[in-house]
Amino acid sequence: MNPIVFDGCLGWLHDAPGTRGVVLCPALGHEAMWTHKSMRRLANQLARSGMPALRFDYHGTGDSSGSEDDPARLEMWIGNIVAATRKLRETTGVKDVVIVGMRFGATLAAMASQLLQGEEELAGIVLLAPAVSGRTFLRELKVLHKNWRAEVDVDDEPGSGEAFQDALGYRLHRETLDHIHAISLNGTSAKPAPRALIFDPFGREGERLAARYVELGVDVELRPFPEYADLMIESIYSKDPQQAFDYLVLWLQQGMPERHGAARIESLPARIFAGDARETPLRIDGVDGTPERELFGVLCEPVSVARHGPLVVIVNTGANVHTGDGRLAVVFARRLAAQGVASVRLDISGIGETPSSGWVDSKSPLYSARAIGDVCQATAWLAARGYPSIALFGVCSGAYLSLHAAAMSPHVDGVVAVNTQRFIWADNETLEQAMKKQGQSMQLYMRSARRLDKWLNVLRGRSHVRAKLKTISRRLARRGAIAAANLAHDISRVEFGTTGRAQALVSHLNRKGVEVRLVYGTFNRGLEELSTYFGQGGRRLNRYGHIQVARIDKLDHSLVAHTARDKVFAYAEQFFSEFDGAAQQTGTGVGEWASGDRAKFAL
C-alpha cells in the first residue's frame with residue numbers, strides 16, 4: 001500500500017500485477033468513517049486476487065486538500081472519481097477499470113460513469129447500498145443528526161437548516177444540498193458500464209435501479225445485502241461484510257484479462273498542500289522494527305509562518321481513523337499549522353491505515369498496553385528526527401492513551417486530554433463490558449429528572465427508568481468504595497487498588513514536569529471519574545503544579561458539534577502557543593516508570 005496524490009486528493013494504491021484495476025469510492029461523512037476499515041480490507045483482498053486497487057479521499061474530505069466550505073462539491077467529487085480512474089491506469093498500466101462505490105460513493109460512481117465513455121469506458125461498476133434518491137439520503141442524514149442532537153448538550157449552530165445541514169460532525173452547504181436533493185439514479189439516460197453488480201439492503205430502490213440499467217442494455221446482477229446492518233454502525237462495532245466482498249471479488253474476476261506484470265511509473269512524494277499547511281504521509285517504525293508493527297501518520301507542517309512550539313501528536317478517538325469525527329483532527333492540524341505549530345495525526349495498531357497484523361485484544365486497541373506502546377514508539381521516532389519537544393492531544397480513549405504514554409515516554413512534555421473517561425482500566429474488564437455499563441452523566445440524569453417531557457416519555461414507555469436507576473446505583477456504590485480507599489490512603493499512605501494506581505499516574509506525570517490539561521464538557525461522564533478519584537471537580541489535583549482541570553460549557557463527548565470543537569481548539573491552541581516545550585524531570589525517572597511500574601500503572 002503506497003500513498004499517492006492526484007487532483008488534490010490523497011489516495012492509497014494497493015498494487016498487484018493484474019491488468020484489471022479497481023477504484024474504490026468511499027461513502028460520505030460519518031458513513032465513510034464507519035466503513036473505512038472494511039474498504040481498506042477490501043482493497044487488500046482485491047490486490048491479493050491480482051487486481052490493483054486505489055482508495056482515496058474526496059476533495060475537502062479525509063486527508064485530501066480543500067474544505068467542506070468550498071463550492072461545487074458534487075461536481076468536484078464526481079471529477080475526483082474520474083481523475084482516480086485515470087491515475088490508476090497511468091500508474092499501473094491496467095487495461096480496464098471497474099468502479100466500486102459504497103453508499104453515496106456508489107451514487108457518485110454511477111454519476112461519474114457517465115463521463116467515462118469511449119476509450120475510458122468502465123469494464124464494470126459495483127454499487128454497495130447505493131443512495132438511489134438524493135432526497136431520501138438527505139432525509140436519513142437529517143433524522144440521524146436530530147436523534148443525536150436530542151441526547152447532547154451543545155450550542156445551536158447558527159444557520160443550521162438554512163445555510164447548511166449537519167450530520168454527526170460533517171457539514172453539507174446549501175448549494176451541495178440542492179444538488180444532492182435533485183439526484184435520482186433511476187433517471188439515468190446512459191449506460192454506466194457493460195456489467196453492473198448491485199448489493200441492495202433496502203428492496204425496491206435497488207430493484208428499480210437494476211430494471212433501469214437493464215433497459216439501458218447493462219448486464220445487471222442484483223443481490224441482497226444482509227450484512228449491511230452490521231457494517232453501517234460506529235467504527236468500534238462495524239464488521240466487514242465478508243460474504244458480499246467474497247462474491248464481489250469473484251464477480252470482478254470474471255472475464256479478467258490474463259495477469260501479467262504491468263509496468264509501473266515512479267510516483268512523486270505524496271504531499272498535500274492545504275492553505276498554510278504541507279502534509280506528508282509517514283511510515284513510523286514499529287516497536288519491534290518489523291513492517292507488521294509499522295504505524296501510519298500524517299505530518300502537518302506550516303509553510304507560510306515560522307515553526308514554533310511542540311510537535312503535537314493527535315491520537316485516535318475510539319476506533320476512528322486518524323482524520324477524526326467530522327474531520328476534526330484534520331481541521332485542528334491545519335489550524336495549528338497556520339499558527340506555526342506542526343502536528344502528526346497518528347493511527348495506532350488496528351485502526352485506520354495501521355494494520356492489526358492479526359492482533360486481537362479483549363480490550364480492543366483502545367486501552368491496551370500495545371496501543372500505549374505505539375504512542376510511545378511514535379514519540380521516540382519523531383524525537384529522533386528532530387522534534388525535541390512533543391505534546392499529545394486526545395479525546396476519550398485518545399486522552400487515556402495520551403496520559404499513559406506521557407508517563408512512559410521521555411519525549412513527551414505536555415498533554416491535552418479531552419473528556420477522559422478512565423484513568424485506569426480494570427484488569428479484568430473488556431471494552432464490551434465497559435460499554436454496556438456506560439450511560440449519561442449524573443448531571444444530565446439529575447437535569448432530566450427536573451424536566452416534565454422526560455417524565456412524559458417514562459409514562460409513554462419511551463424511557464426505561466429501571467435501567468437508569470441501576471446505572472446510577474452502580475456508580476454511587478463505586479464512588480463510595482473509591483472514596484473510602486482515598487480516605488484510607490490519606491491516613492495510611494498505602495495505595496489501594498485502582499485508586500492508588502490513578503494517584504500514582506498523576507503524581508508521576510507531575511514529577512516528570514509534564515504539563516497536563518484535563519478538559520471536560522460540563523455534563524461529560526468523565527467528570528464523575530475525575531471526582532471519584534480526585535474529589536469533586538478534581539480538587540485533590542490542586543496539590544500538583546503541572547496538572548490543571550478545565551470545564552467548558554456546551555461540549556459534546558466526541559466534539560462532533562462544530563461550536564464545541566472550536567472551543568476546545570481555541571483552548572488547546574492557547575496552551576500550545578504558551579508552551580515552553582521543556583519538561584523538567586525530577587524525582588522518579590522515566591526508566592523507573594517504564595520498567596518497574598508499567599504493569600502496575602498502565603494497565
Is there a donor-acceptor contact under 3.5 Å from the side chain of T317 to the main chain of G398? no
Separation between CZ of F569 and CZ of R335, rounded to the nearest 0.5 Å: 6.0 Å
Looking only at the side chains, is there a donor atom on one of Q339 and E573 sitting less than 3.5 Å from an acceptor on the other? yes
Out of curiosity, F423 CZ to L403 CG, how far, rounded to the nearest 0.5 Å? 6.5 Å
Start with the C-alpha gap between D325 and R565, add the side-chain angles, then the distance that decides, and say whether salt bridge (Lys or Arg N to Asp or Glu O under 4.0 Å) holds. CA-CA 10 Å; D325 277 307; R565 74 182 189 185; over 6 Å; no
Does T379 reach the main-chain N or O of V412 with its side chain, forming a donor-acceptor pair under 3.5 Å? no
Sequence neighbours excluded, which residues qualify as side chain to side chain donor-acceptor pair (under 3.5 Å) partners of T280? R271
Report the C-alpha separation of N510 and H546 in whole Å, then their side-chain angles, then the decisive distance to 0.1 Å, and conclude whether the side chain to side chain donor-acceptor pair (under 3.5 Å) test is met. CA-CA 5 Å; N510 190 68; H546 295 288; 4.7 Å; no
Are R345 and D63 close enough for a salt bridge, meaning some N to O gap below 4.0 Å? yes
Under 3.5 Å, is there a donor-acceptor pair between the S349 and R370 side chains? yes
Please, which pairs that meet side-chain hydrogen bond (donor to acceptor under 3.5 Å, both in side chains) have at least one residue in residues 24-35, sequence neighbours excluded? E31-R103
So, taking the atom named OG in S65 and the one named CD1 in I272, what distance separates them when rounded to the nearest 0.5 Å? 5.0 Å
Looking only at side chains, do N320 and E234 share a donor and an acceptor under 3.5 Å apart? no
When you check the side-chain N and O atoms of E528 and Q421, is any donor under 3.5 Å from an acceptor? no
Cut-off 3.5 Å, side chains only: do H36 and E353 have a donor facing an acceptor? yes
Would you say the side chains of H14 and N44 form a donor-acceptor pair under 3.5 Å? yes
